[in-house]
Structures are given as structure tokens and as C-alpha cells.
Amino acid sequence: MHRSFGHRLAARAGRMAQDALHQARLHRSLRHLHGPAQRFAAPQEVVLIALVRDGGYYLDVFFEHYRRLGVSCFVFVDNGSADGTVDRIRQEPGTAVLRSALPWLEFENSLRAYAANRYGRDRWCLFADMDELLDFEGSGTAGLQGLTGYLAQQGCTALQAQMLEMFPKGPLAAARGLNYAEAVKAFRYCDVSTVQALDYGAEDTGLAYYLRQNALPPGGARMLFGGVRGKVFGERCCLSKHPLVFNGPGVQAAVHPHVSAGVAVAEVEGLIRHYKFAGDSLARDLQTRTEAVSQHGEDRLRSDAMQAQPELSLWSEAALADASIADLQRLGFLRRAPGYSAHLAGARA
């Protein structure tokens, strides 16, 4: 009994020492390249946090989209861009850039959490990848300020969103010559026919330790997996994320690329339109394989399939064109939030 307890204490001490070394290495690696060095968002402003490396391809559309939603504070953690990404960001007002050359796979969560705590403490933080465009009911009218105001009134500290893979009707290879704006316009299709849903705190999610620390809305919540990438490539990718989080007391922001812990999840659910296959996605996957920056092997599944089938397409008869938030709610991909819909209707009246 005593020996077992001693072993547990030793294991805990070992983990704490590893965590301390991890954090020390993180802090030593960081360089402040541009913009304010500390929090600069007003209390009601949303702080967008993005990790980026060679993201110049995405930036024009990225800034345009998120500014339209109401973001005016952007914090980027650059992981060694060599394509002019940082110079492009410097041209934009309301931006800050940190840089760390640490391995992406090992430090991804820590880099996001660090940026959230340095720039987004007691603020709403919007975590966005460069190929993700967030949408939600009322995005064009209420915007992010209207959404976060409603969430705060309801005592919620996180918006859950579901990721929808977007693709063109033809071969994915045809997208290689398109700029990002052209790709977003051409990628009109999605396919939710093979999405798998699990209970929010189920062990099978692989995220139960964090998810069980969260409070759920009255109707509960689900975690979605698979979708068209599962159908075509055999990936078991998680489609559910917490992209919008109030980083206040008790919240552990960005403990995983998809989730935060200690949050109260809202009834309203957002949508992330994902453009993973915009541009030369095959070259990106081959690069991540070379650098061993992916631990789940999904890049290998995709690149093997695309090399074996140069005309590979995600389109099938199950594909939906121009699916709206309302369409996806009717299909059950997104949950309805009657209270939020009524709130929006009242605001418009």
C-alpha cells in the first residue's frame, strides 16, 4: 500500500518536473516580433489567436472574413514562416506577432494557451486555423459582439462549432492553381452523409478527460467524427471544436487543438467551414510527413490516396451545394438553439 502510494507520488512529481521543463523551454523560445507586447483588446472585443507558418496564401481572405465578423484584435504565433507571412501581418492594424521555432506537434497546445493567457485573459478568445472560416446564426447581422453578448447573458463561456469540409465538384488536383479567394468560391460542396456522433463525454472521443470538466446546455451536446474525409480517406478526424472561449477564472483554454476545459458550453452551435484542400494540399501533406509533425497519420492517408488517384474527388451524389446554417440544422449536423433564434428575432424587431 505504502509502496504504491509512493510510486504515485513519484510519478506525479515526474510529471510536474516535465511540465516545468516544457514551460521553461516554451518561454525561452518566444520572440515578440510585432505589435503590442501585452493584452490590447477592450473588454468587449474578441481576440483572435492563430498559429501560422507560411500562411501568406490565406491571409487576405482570413483578415477580410474575420474583420467582417467584428474581430479587430489578431494575435499570431508564427512557427518559422519564410513566405512573407509576418510582413503581410505587419500591414494590418490591430495585430501582434510572436514567434517560436519549437516543434509544432509537441508545443501546439502550449503556444495557443500561452497566447490566450498573454493577450486574451478575461476576454473572449477565438481560436482559428488559417484554413477555417467561422460562421454562426446571425453572423451577418449580430456579428461576434452580438453572439458573445448573448453567451455572456446566458452564463456560457464557450461556443461549440462543427467543422464542415468544403470541396469542389471536380478533382481536388484542379484546386492547386487557385488562390484562396478563388478556392473558397469554388468549394461550394459538403457531405455530411457519413458523420458519426458520440456522446459528449464518451471515452471513445479520446477527449473525455477534458470534456467531462465542462457544463453542457439543457439538451446536451455531441462530438462529431469522420464525415467526407472518413468516407474517402479513412480518417477518424474530430469535427467538433470550441473555437470561441471566454478565458476567465476556472477556464483552461486550448488544452487540445479542439477543446478547452472548465467551460460552460452554449446551446447555440457554430459552423467552421474548412478549406483543407485549397491550394496544393498534397504538397502540404507530403511536407508534414517529411517533418513528422503529425501524430495521427491522417496526412499519410490523404497523400497516399491522392498520389494513387490523381483525379480523386470528394464529390459524390451525396454532396450538398451551398449548404446554409439553417440547412445544416435541419439535417441535424448543427443543433438548433430556439432561445438564440428568438433573441435574434427580437433584436431585429
Side-chain angles (χ1 to χ4, degrees), residues 26 29-37 47-68 71-112 114-115 119 126-134 165-168 172-187 243 254 257 272-295 298-300 302-303 306-307:
L26 172 72
S29 77
L30 286 162
R31 300 291 182 270
H32 174 241
L33 299 186
H34 164 71
V47 181
L48 187 147
I49 294 169
L51 304 190
V52 62
R53 185 176 68 170
D54 293 337
Y57 174 79
Y58 304 97
L59 281 171
D60 287 350
V61 171
F62 190 86
F63 277 120
E64 180 184 358
H65 178 81
Y66 285 105
R67 288 197 187 280
R68 187 165 59 245
V71 177
S72 57
C73 302
F74 295 80
V75 176
F76 294 89
V77 182
D78 183 78
N79 195 227
S81 294
D83 69 341
T85 288
V86 175
D87 288 339
R88 172 67 183 88
I89 293 170
R90 283 190 173 111
Q91 298 172 18
E92 293 282 336
T95 56
V97 182
L98 303 174
R99 171 169 284 173
S100 172
L102 289 174
W104 184 287
L105 175 61
E106 187 178 350
F107 286 89
E108 175 183 6
N109 300 333
S110 299
L111 290 168
R112 284 195 185 91
Y114 176 88
Y119 287 97
L126 174 55
F127 299 99
D129 289 344
M130 301 306 297
D131 57 3
E132 297 176 349
L133 299 179
L134 178 69
E165 199 65 57
M166 307 302 297
F167 53 85
L172 293 176
R176 292 175 191 165
L178 301 179
N179 64 41
Y180 192 36
E182 292 169 337
V184 168
K185 185 175 181 180
F187 284 34
I272 297 170
R273 291 189 174 88
H274 192 211
Y275 296 89
K276 189 168 192 68
F277 298 97
D280 197 343
S281 64
L282 174 58
R284 292 194 298 269
D285 281 338
L286 291 173
Q287 181 179 359
T288 59
R289 286 177 61 167
T290 300
E291 298 174 352
V293 296
S294 172
Q295 72 181 150
E298 293 174 354
D299 50 358
R300 183 176 296 277
R302 291 190 301 268
S303 56
M306 293 175 74
Q307 287 178 307

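Small disclaimer: the values here were computed from a predicted structure and weren't measured.
- The pair Asp87-Arg90 meets the salt-bridge criterion, since a charged nitrogen lies less than 4.0 angstrom from a carboxylate oxygen.
- Each of Leu126, Asp129, Leu48 was evaluated against Pro243; a single residue qualifies, Leu126, per the side-chain contact (heavy atoms from CB on, under 4.5 Å) test.
- When only modelled atom types and interatomic distance are considered, His274 and Glu165 share a side-chain donor-acceptor pair under 3.5 Å.
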| task | Go through Val52 and Tyr58 one step at a time and tell me if the side-chain contact (heavy atoms from CB on, under 4.5 Å) criterion holds. | result | CA-CA 10 Å; Val52 62; Tyr58 304 97; over 6 Å; no

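- Going from atom CG of Leu282 over to atom CE of Met306 covers 5.0 Å, rounded to the nearest 0.5 Å.
- The nearest pair of heavy atoms linking Ala278 to Ala183 is CB-CB, 3.7 Å.
- Between the CD atom in Glu132 and the NZ atom in Lys276 there is a gap of 9.0 Å [rounded to 0.5 Å].
- One distance of note links CG of Leu51 with CZ of Arg112; it measures 4.0 Å at 0.5 Å rounding.
- Of the inter-residue distances, the one linking Thr290 atom OG1 with Asp299 atom CG reads 9.5 Å to the nearest 0.5 angstrom.
- Taking CZ from Arg284 and CG from Asp131, the interatomic distance works out to 7.0 Å, rounded to the nearest 0.5 Å.
- To the nearest 0.5 angstrom, Ile272 atom CD1 is 10.0 Å from Leu133 atom CG.
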| task | Let me see the working for Arg300 and Asp285 under side-chain contact (heavy atoms from CB on, under 4.5 Å), right down to the final yes or no. | result | CA-CA 7 Å; Arg300 183 176 296 277; Asp285 281 338; over 6 Å; no

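- Between Tyr275 and Phe187, the two ring planes are tilted [angle within 30° to 60°].
- Gln307 is listed as a side-chain neighbour of Leu286, based on a closest heavy-atom distance under 4.5 Å.
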| task | Check step by step if side-chain contact (heavy atoms from CB on, under 4.5 Å) holds for Trp104 and Leu111. | result | CA-CA 9 Å; Trp104 184 287; Leu111 290 168; over 6 Å; no

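- A donor atom on one side chain and an acceptor atom on the other are found under 3.5 Å apart for Arg289 and Ser303.
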Show me the donor-acceptor pairs within less than 3.5 Å that the side chains of residues 76-86 make with the rest of the protein, sequence neighbours left out.
from  : atom 1 : to     : atom 2 : distance (Å)
Asp78 : OD1    : Ser81  : OG     : 2.4
Asp78 : OD2    : Gly80  : N      : 2.9
Asp78 : OD2    : Ser81  : N      : 2.9
Asp78 : OD2    : Arg99  : NE     : 2.9
Asp78 : OD2    : Arg99  : NH2    : 2.9
Asn79 : ND2    : Ser100 : O      : 2.8
Asn79 : ND2    : Leu102 : O      : 3.0
Ser81 : OG     : Asp54  : N      : 2.7
Asp83 : OD1    : Thr85  : N      : 3.1
Asp83 : OD1    : Thr85  : OG1    : 2.5
Asp83 : OD2    : Gly56  : N      : 3.0
Asp83 : OD2    : Thr85  : OG1    : 3.4
Thr85 : OG1    : Gly55  : N      : 2.9
Thr85 : OG1    : Gly56  : N      : 3.0

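- Looking at heavy atoms from C-beta onward, Phe107 lies in side-chain contact with Leu26 at the 4.5 angstrom threshold.
- Salt-bridge formation is detected for the pair Asp60/Arg88: a Lys NZ or Arg NE/NH1/NH2 atom is positioned less than 4.0 Å from an Asp or Glu carboxylate oxygen.
- Listed for the His32 side chain is no donor-acceptor partner under 3.5 Å among the backbone atoms of Ala96.
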| said: Using the rule given for side-chain contact (heavy atoms from CB on, under 4.5 Å), can you reason through Phe63 versus Val71, listing the C-alpha separation, both sets of side-chain angles and the distance that settles it, and then say yes or no? | reply: CA-CA 9 Å; Phe63 277 120; Val71 177; over 6 Å; no

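- Using cut-offs of 30° and 60° on the angle between ring planes, the pair Tyr180 and Tyr57 is tilted.
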